[in-house]
Amino acid sequence: MIIAAATLDLLPEALHLGGGGPLIIGFVLGTAFMLALRALLTRFGHGHSHGDGHGHGHGHGDSRTKVVTGVNLRLVVALAVVVLIDGAIIGIALSAGGAAALLIAIALSIELLFVAASTAGSTRAGGGSLGTAIGVGAFVAVMMPIGAVLGAIVFAGVSAPVLIAGLGFGAAALLFTAVAELLVEAYEIKESTGTIAMAAGGFLLFLILMMLM
């Protein structure tokens, strides 16, 4: 769903509005922002790169915390930031008007259900309690309405180049999350044809929504 939202809706919409330099700048800034965020989170919670901290008693506070709570801090924070950006994209679309806003809201809301559920499931799989899993899922989910309000306020009445750059930034963030975080995490848990089938199914669902709209 994330890949489809970026490639079938956000980028074409940005190109329709004019594309060009603002789109490239926004996309580059979005990619750089996500790379910087990932590097920061990897350095802060580096236990993730050592088998998620299992069996490595090297006295790292981050690893011990992760084992106790079952929370993949890097994944949760990265997803929370991207869901915040998702909400901002909805806010941008609403500010711009048009039917695309409804499609984006529906698609990203469906995506949010799976992201929040998978984040909670990952927490449970890592040894976290049910309360922790629910809290983590809720934390990620609440970022969307917050982002929508902020996006609508910040991008209200902005010029077309700024709007295009914002769409490019959002598209880059969505693609980065799908490729560098969600798909990688899915294959780390269990590599199977089901993973590929679910990815294709999400893309197809978004395509069907586009045709219905």
Side-chain angles (χ1 to χ4, degrees), residues 1-11 13 30 33-34 37-38 41 70-96 99-126 128 130-155 166-186 189 194-195 197-210 212-213:
M1 290 293 290
I2 292 176
I3 293 173
T7 58
L8 298 181
D9 198 40
L10 295 184
L11 290 177
E13 179 67 19
F33 174 80
M34 295 305 295
L37 176 64
R38 186 182 187 187
L41 293 175
V71 177
N72 186 331
L73 183 62
R74 188 187 74 182
L75 180 64
V76 170
V77 174
L79 288 178
V81 171
V82 174
V83 170
L84 186 70
I85 295 174
D86 288 351
I89 292 171
I90 295 175
I92 295 171
L94 289 173
S95 297
L102 179 59
L103 175 61
I104 293 174
I106 292 174
L108 292 182
S109 295
I110 294 174
E111 168 244 316
L112 176 61
L113 291 176
F114 285 94
V115 169
S118 62
T119 304
S122 176
T123 300
R124 287 288 285 167
L130 178 60
T132 300
I134 294 175
V136 168
F139 169 73
V140 172
V142 77
M143 292 297 107
M144 183 167 285
I146 293 176
V149 173
L150 293 176
I153 293 175
V154 172
F155 284 87
L167 291 172
F169 186 101
L174 293 179
L175 289 174
F176 185 94
T177 303
V179 175
E181 294 293 346
L182 293 182
L183 289 180
V184 171
E185 189 73 14
I189 295 173
T195 303
M198 286 293 290
F203 194 95
L204 179 61
L205 177 58
F206 191 96
L207 183 59
I208 292 173
L209 286 173
M210 288 192 67
L212 292 177
M213 294 295 293

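For the pair Ala171 and Leu11, the tightest heavy-atom approach, listed with the atom from each and the gap, is CB-CD2, 3.7 Å. Nearest approach of Ile85 to Gly170, heavy atoms of both residues: CG2-CA, 3.9 Å. What you find for Ala173 and Met34 is that their closest heavy atoms are CA-CG, 3.8 Å. Residues Val140 and Val83 approach most closely at O-CG1, 3.3 Å, considering heavy atoms.
Scored by the side-chain contact (heavy atoms from CB on, under 4.5 Å) test, Ala80 finds Phe139, Met143 as partners (sequence neighbours excluded). Looking at residues two or more places apart in sequence or on another chain, you find a side-chain contact (heavy atoms from CB on, under 4.5 Å) between Ala120 and Ala133. Checked against side-chain contact (heavy atoms from CB on, under 4.5 Å), Ala88 has no partners two or more places apart in sequence or in another chain.
With a 4.5 Å cut-off on side-chain heavy atoms, Asp86 and Ile90 do not count as touching.
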